[in-house]
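Data block below; observations after.
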There are 4 protein chains.
Amino acid sequence: MSKDPQPIHPRKIEIVHAAVTCFLERGYHQTGVRDIAKQAGVSLGNLYNHFKGKEAVLAFIAEIEGEELSEFIDLLTEPDNPQEALERFIDDYAAYVSRPENALLGVEILTEALRNPMIAEVFGRNRSRLIDAVASCLREGSKSGSFTSYDDERAVACMILDSMEGHGLRSLSKNNIGENAMRTLHAFLLNGLEP
Amino acid sequence: MSKDPQPIHPRKIEIVHAAVTCFLERGYHQTGVRDIAKQAGVSLGNLYNHFKGKEAVLAFIAEIEGEELSEFIDLLTEPDNPQEALERFIDDYAAYVSRPENALLGVEILTEALRNPMIAEVFGRNRSRLIDAVASCLREGSKSGSFTSYDDERAVACMILDSMEGHGLRSLSKNNIGENAMRTLHAFLLNGLEP
Amino acid sequence: MSKDPQPIHPRKIEIVHAAVTCFLERGYHQTGVRDIAKQAGVSLGNLYNHFKGKEAVLAFIAEIEGEELSEFIDLLTEPDNPQEALERFIDDYAAYVSRPENALLGVEILTEALRNPMIAEVFGRNRSRLIDAVASCLREGSKSGSFTSYDDERAVACMILDSMEGHGLRSLSKNNIGENAMRTLHAFLLNGLEP
Amino acid sequence: MSKDPQPIHPRKIEIVHAAVTCFLERGYHQTGVRDIAKQAGVSLGNLYNHFKGKEAVLAFIAEIEGEELSEFIDLLTEPDNPQEALERFIDDYAAYVSRPENALLGVEILTEALRNPMIAEVFGRNRSRLIDAVASCLREGSKSGSFTSYDDERAVACMILDSMEGHGLRSLSKNNIGENAMRTLHAFLLNGLEP
DNA sequence: TATGAATGAGAGTTCATTCAT
DNA sequence: TATGAATGAACTCTCATTCAT
């Protein structure tokens, strides 16, 4: 429930930053622990003083990513105007997942979560929080008549997230989609929610 | 346009099957070339007689996956009834991506394509074909008045694919979504396309 | 004593040429049997129909190199004028070992002969023939008063050969020696032999 | 000019010794990195903590061989009596190259230098130093009237080195040359230099 | 003769992690 | 906390050679 009560050693943060840099550049599996240590300017042995192992570093990153979701979740929770809140969320989250580091790290964590329980645990927790927040906003909106009512709001929430994250991922490759793709996406989603 | 004129050596197919099995079980990077050879019942050296290397195996798998898309593309191309075609596609493609092997392999190939040019080339080609087919179907539908018209049909197409594939991926994890999630998805998409 | 009575299969010659090309380019150990077969445009299996193995190819090359020495040996054997013959030999052999293919192959065979008995046998036999020829010429020359007499003509012969071959080897690298180095060498050798 | 300021890890030296032993026994290409590690009593992974790779080990050996040349170079540099210095050098260097380990390693390094730039660099540097020293001694000697003057002292220097090293190489094989060959060589060289 | 699939040992190198200092 | 030497299994890939066709 409570966040880390004890302050985080600055070295640990440096290591995480280095790891993020490496994972973005080469990917999780292609990155060696040595690479991270070198990038962080830390000895190999000392890295293991701060993290139990390589996957603990990724788990920590996933944890941090989870914290970054809080602002989105706040936006969606108990909104005065669900439609306005959702539109704002779509714009903000689109901007978030369009930053390459977020898109890349996100897919890296997702794929690792598919087989690595330690990562799956953190990833699943974060994911649930976000889906719940969007779903609850949809429910609020449908109650107040702003949105069509759907049986399974979580499914719709997932779809919204998937499509935005998919967009973010696509913006990484050269076969880029038109600039106003996001606008179209936004319009489509609202259109689908219109009562 | 033309497929490989020379027949594919049966051993090559066995190796691919073995590789798929391994990649599904452990993931691409966690699978060793030895694992594939052993699974295929083939000597390590002989594997290299059939494939230039590990990534060539994955590229070949991606190629095969691409061929499997053809039936979907046929479905969407020059349809008599665009709406019917799209609905049919949504159902069929949903079933396709809900099979774990397709969902898992798909994300494996996608993530590898992010950094591996050889994989990116095959993956990008396949992806484009599918997006184009969906987008062209949307365009036909909007011309005939079945669908709302969108500026950027490819963006909508991507969204449709992303949301279905995201669903397929989610169905892998235990935190499963409700069974009728797919139905909700279907409804939402059609709702968004309704003129 | 007798040369190959049976004619050599033309394919065998092609393989040898290919092998020479490869050995020059990459060196004996860095060249694979596959490389040779590919270079020769011959199947891997068929190469083994013509040669017992990789080292048999090198041995055959060494044999051929040995045959090329015959003209030099003829030059030196029972000469009318030993001094003239030796000078002619020095010029001709200098030209021979200055051709990169001869210099490179020579050192390749020499080093392999250090540890490979099969190669050592061929190489040693060739070497002896040449040393003997030069030594006998020196002996003739000293008898007729053209040359100083040395206790050990074979040692002098070796020295003459070594210095010329060393020169050939050096001409391979960029740190090239002056163009008239060979002339200096020639002068020095004759000076050392002058009675 | 300055040697490694940081001390060399003793393990590194052990590895080099082991590598020398292996290279002498089997040759550079026939020796595996595992062989070196085993011979050194070091784990395979740890060898790579001390050397970037196999060729780095050979380069290091070449470097050490280069350092051993310093005493010869000192002998030849600014000598009070060039002739005496050269004669002393010929004797000492003959003894040096007649030790099997020096002869074998020398030719191993030479042949590797033919195609491996990393080795070529070290080898070429060492070689130049020695040639320059001999050539400068010859030049001094010719100025003081002890030696005949030659246009290209470096060419003569090369010849002297080649013939001695060739002698060393030959002393490895069973087809041994007479014991007093070296004496003959010495006499010949001085004879050729006599004014 | 000719083919190229098949073999499996072995190549050089990197891996995540531990441990003595 | 901090270091980097040490480990040995695992990595991808190549090797010379054989064999069924």
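By convention in this document, chain letters (A, B, ...) are assigned in the order of the sequence lines, proteins followed by strands, and residues within each chain are numbered from 1. Both backbone and side-chain heavy atoms feed into the values below; hydrogens, waters and symmetry mates do not.
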Only Watson-Crick and G-U wobble pairs, only distances under 3.5 Å, only runs of 3 or more: what stems does that leave for DNA chain F? E:2-21 with F:2-21
Those residues at least two apart in sequence (or on a different chain) that pass side-chain contact (heavy atoms from CB on, under 4.5 Å) with D35(B) are C22(B), R26(B), T31(B)
Protein-proximity profile, nucleotides 6-13 of chain F, B/S/- by nucleotide at the 4.0 Å heavy-atom cutoff, equals BBB-B-BB
Sequence neighbours excluded, the answer for side-chain contact (heavy atoms from CB on, under 4.5 Å) partners of E63(A) is V122(A), R125(A)
Side-chain donor-acceptor contacts of residues 107-115 of chain D below 3.5 Å, not counting sequence neighbours, with atom names and distances?
| from | atom 1 | to | atom 2 | distance (Å) |
| --- | --- | --- | --- | --- |
| E108(D) | OE1 | R115(C) | NH1 | 3.1 |
| E108(D) | OE1 | R115(C) | NH2 | 3.2 |
| E108(D) | OE2 | Y28(D) | N | 3.2 |
| T111(D) | OG1 | V107(D) | O | 3.0 |
| T111(D) | OG1 | E108(D) | O | 3.0 |
| E112(D) | OE1 | H29(D) | NE2 | 3.3 |
| E112(D) | OE2 | N116(D) | ND2 | 3.3 |
| R115(D) | NE | L24(C) | O | 3.3 |
| R115(D) | NE | E25(C) | O | 3.4 |
| R115(D) | NH1 | E108(C) | OE1 | 3.1 |
| R115(D) | NH2 | F23(C) | O | 2.8 |
| R115(D) | NH2 | L24(C) | O | 3.0 |
| R115(D) | NH2 | E108(C) | OE1 | 3.2 |

For residues 14-23 of chain D, pull every pair meeting salt bridge (charged side-chain N to carboxylate O under 4.0 Å, His left out), keeping only residues two or more places apart or in separate chains. R11(D)-E14(D)
Report the distance from atom CZ of R26(D) to atom C1' of dG10(E), rounded to the nearest whole Å. 13 Å
From CD1 of I36(C) across to C1' of dT14(F) the rounded distance in Å is 14 Å
Close side-chain approach of F60(D) and I13(D), heavy atoms under 4.5 Å: no
All salt bridge (charged side-chain N to carboxylate O under 4.0 Å, His left out) counterparts of R34(C), not counting sequence neighbours: none
What side-chain donor-acceptor pairs closer than 3.5 Å can you find for residues 36-53 of chain A, not counting sequence neighbours?
| from | atom 1 | to | atom 2 | distance (Å) |
| --- | --- | --- | --- | --- |
| S43(A) | OG | N46(A) | N | 3.1 |
| N46(A) | OD1 | N49(A) | ND2 | 3.1 |

For the pair made of CD1 in I8(D) and P in dA5(F), what is the distance, rounded to whole Å? 14 Å
Sorted by first residue and then second, give each side chain to side chain donor-acceptor pair (under 3.5 Å) pair with at least one member in residues 15-24 of chain A; sequence neighbours left out. none
